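The block underneath contains the structure these notes are about, expressed in structure tokens.
Note that the structure is a prediction, hence the values are computed from the model and not measured. Start at 1 with the first residue, then count along the sequence. We use all heavy atoms of the structure for the numbers below, so side chains are in, but hydrogens, waters and symmetry mates are not.
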Amino acid sequence: MPHIRIDQQGPIWRVVIDRPDARNAHDLQTFQELVAAFDEVEVDPGCRCAVLTGAGDIFSAGQDLRFTAQADPQAIDAYGRWNVAARQRIQRNAKPVVAAVNGPAIGGGVYLATSCDLVVAVDTAFFQMREIQAGNHSGGAFLFTIGRARSLELSLLGGRLQAPQALEWGLINRCVPAADFDAAVDELAATLAELPPLAIRYTKSATNLLLDMAGFSNHMEAGAPMQRYLGLTPDGREAKRAFNERRKPVFTGQFPRVAD
């Protein structure tokens, strides 16, 4: 898989987003490969715990705007569907999954990290939702984790949430100095790998059941077509053009023409 690398270290598998030249941003193929990778994680009895991380010094820059700026409506639709599928495949995996946030997590990178069961971040990392600035909506997934006020602050303003504050807010589980980061991730993964696999599986299932009863899955299913629609609006296109042209976007709030 050209975008995703799996490093098997005994019972612990590291699933690496391996696009350092693109700051580990996601295109359609990245999401497809993530689904395939976590399919392998689930079915291989030799894997007892997975660690999701990014190559280099960034976890993920989120949406690959070079891809979505040129994508046709069919590709935008597929991108949205595989985006949701990848996050669900991680969250609902039978094996425990740890996010090792080794650097900035931006936009969809935040969604991927928080789809994992536990999140460990280096203390220099930050979390940032730039979806609105990119012409998309960022949904309400964080409402289930950090509450309405903080969720809206993170989603509407697009500011950087530094890892220590993310820990204080309850978005992540650990915030660790760089010198101790790898050891902290390895220790947590090793602990999970030694626990009873079926007990972990059904603990996760029960947690996901309660989230579903609270509307989490319905939120994801409802939000996906909204994102696909917004990606085809004039503001959505303008945001991506401005990013590629390195200028400030000009938003108008216009609806797409029928021809769009």
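In this structure the side chain of Val98 never reaches within 4.5 angstrom of the side chain of Ile12, judged on heavy atoms. The side-chain heavy atoms of Phe142 and Val110, taken from C-beta on, include a pair separated by under 4.5 Å. The shortest distance between side-chain heavy atoms of Cys49 and Pro11 does not fall below 4.5 Å. Side-chain atoms of Val16 and Ile6, non-hydrogen and from C-beta on, never get closer than 4.5 Å to each other. Asp123 places none of its side-chain heavy atoms less than 4.5 Å from the side chain of Leu167. Taking the side chain as every heavy atom from C-beta outward, Asn218 and Asp212 never approach each other to under 4.5 Å. Residues Thr114 and Thr145 are not in side-chain contact: their nearest non-hydrogen atoms beyond the backbone lie 4.5 Å or more apart. Residues Ile200 and Lys95 form no side-chain contact, since every pair of their non-hydrogen atoms from C-beta on lies 4.5 Å or further apart.
Separation of atoms CD (Glu153) and CZ (Arg150) is listed at 8.5 Å; rounding is to 0.5 Å. With values rounded to the nearest 0.5 angstrom, Arg130 atom CZ is found 12.5 Å from Asn136 atom CG. With values rounded to the nearest 0.5 angstrom, Gln128 atom CD is found 9.5 Å from Gln162 atom CD. Asp117 contributes atom CG, which lies 8.5 Å from atom CG of Asn93 (distance to the nearest 0.5 angstrom). Interatomic distance, Leu28 CG to Asn83 CG, rounded to the nearest 0.5 Å: 10.0 Å. Summarising the geometry, atom CG belonging to Leu192 is positioned 11.0 Å from atom CD belonging to Glu187; distances are rounded to the nearest 0.5 Å.
A continuous path of Ile, Leu, Val, Met, Phe, Trp and Tyr side chains, each step under 4.5 Å between heavy atoms, connects Leu161 with Val119, placing both in one hydrophobic cluster. Linking ILVMFWY residues whenever their side-chain heavy atoms come closer than 4.5 Å, directly or via other members, places Phe144 and Val84 in the same cluster. Cluster membership for Leu118 and Phe181, using ILVMFWY side-chain heavy atoms within less than 4.5 angstrom, is shared. Note on Val101 and Val15: same hydrophobic cluster, where clusters join Ile, Leu, Val, Met, Phe, Trp and Tyr whose side-chain heavy atoms are under 4.5 Å apart, directly or indirectly. By the rule that hydrophobic residues join a cluster once side-chain heavy atoms approach within less than 4.5 Å of another member, Leu34 and Ile106 end up as members of separate clusters.
No donor-acceptor distance shorter than 3.5 angstrom exists from the side chain of Asp77 to the backbone of Pro73, with no hydrogens or angles considered. In this structure a side-chain-to-backbone donor-acceptor pair under 3.5 Å is present from Gln133 to Leu157.
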Do Arg48 and Leu195 pass the side chain to side chain contact (heavy atoms under 4.5 Å, CB included) test, and can you show the C-alpha distance, the side-chain angles, and the key distance before you say yes or no?
-> CA-CA 9 Å; Arg48 297 283 294 270; Leu195 294 173; over 6 Å; no

Chi angles and distances behind the side chain to side chain contact (heavy atoms under 4.5 Å, CB included) call for Trp13, Asp7 = CA-CA 6 Å; Trp13 290 17; Asp7 298 333; over 6 Å; no

Are Ile4 and Asp18 close enough, and set up right, to give a side chain to side chain contact (heavy atoms under 4.5 Å, CB included), and what steps lead you there?
-> CA-CA 5 Å; Ile4 301 296; Asp18 195 13; over 6 Å; no

Please walk me through it: do Val41 and Val97 pass side chain to side chain contact (heavy atoms under 4.5 Å, CB included)?
-> CA-CA 10 Å; Val41 164; Val97 184; 5.5 Å; no

Check: residues 57-65 side-chain donor-acceptor pairs under 3.5 Å, at least two apart:
{"unit_1": "Ser60", "atom_1": "OG", "unit_2": "Asn24", "atom_2": "O", "d": "2.8"}
{"unit_1": "Ser60", "atom_1": "OG", "unit_2": "His26", "atom_2": "NE2", "d": "2.7"}
{"unit_1": "Ser60", "atom_1": "OG", "unit_2": "Gly62", "atom_2": "N", "d": "3.1"}
{"unit_1": "Gln63", "atom_1": "OE1", "unit_2": "Thr68", "atom_2": "OG1", "d": "2.7"}
{"unit_1": "Asp64", "atom_1": "OD1", "unit_2": "Arg66", "atom_2": "N", "d": "3.1"}
{"unit_1": "Asp64", "atom_1": "OD2", "unit_2": "Arg19", "atom_2": "NH1", "d": "3.2"}
{"unit_1": "Asp64", "atom_1": "OD2", "unit_2": "Arg19", "atom_2": "NH2", "d": "3.2"}

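Residues Arg92 and Ser115 have side chains that never bring a donor and an acceptor to within less than 3.5 angstrom of each other. Using a 3.5 Å distance cut-off with no hydrogens or angles, the side chains of Gln254 and Asp235 do not pair a donor with an acceptor.
In this structure, Arg89 is not positioned above the aromatic face of Phe38 in the sense of NZ or CZ being under 6.0 Å from the six-membered ring centre and within 45° of the axis.
Minimum interatomic distance between Gly107 and Glu131 (heavy atoms only, all atoms of both residues): CA-OE2, 3.2 Å. Scanning both residues, Gln88 and Ser217, for their nearest heavy atoms gives NE2-OG, 4.0 Å. Counting all heavy atoms, side chain and backbone alike, Ile132 lies closest to Ser155 at CD1-O, 3.6 Å. Heavy atoms only, all atoms of each residue included: Cys175 and Pro164 are closest at SG-N, 3.7 Å. In terms of heavy-atom proximity, Thr30 sits nearest to Asp27 at OG1-OD1, 2.7 Å. Closest approach of Lys204 to Ile90, counting heavy atoms only: NZ-O, 3.9 Å.
Crowding of Arg23 atom CZ: a count of heavy atoms from other residues, nucleotides or ligands under 6.0 Å not exceeding 12. Residue-environment remark: CD (Gln9) exceeds the threshold of 12 foreign heavy atoms within 6.0 Å. Other residues, nucleotides and ligands contribute at most 12 non-hydrogen atoms within 6.0 Å of the CZ atom of Arg148.
Evaluation of the side-chain contact (heavy atoms from CB on, under 4.5 Å) rule for Val176 yields Val120, Arg174, Asp180, Ala184 as partners, not counting sequence neighbours.
A salt bridge links Arg241 to Glu238: one of the charged nitrogens lies within less than 4.0 Å of a carboxylate oxygen.
Across Thr53, Asp182, Thr124, a single residue satisfies side-chain hydrogen bond (donor to acceptor under 3.5 Å, both in side chains) together with Asn102, and that is Thr53.
Between Tyr79 and Phe67, the ring planes are tilted. Angles from 30° to 60° get that label.
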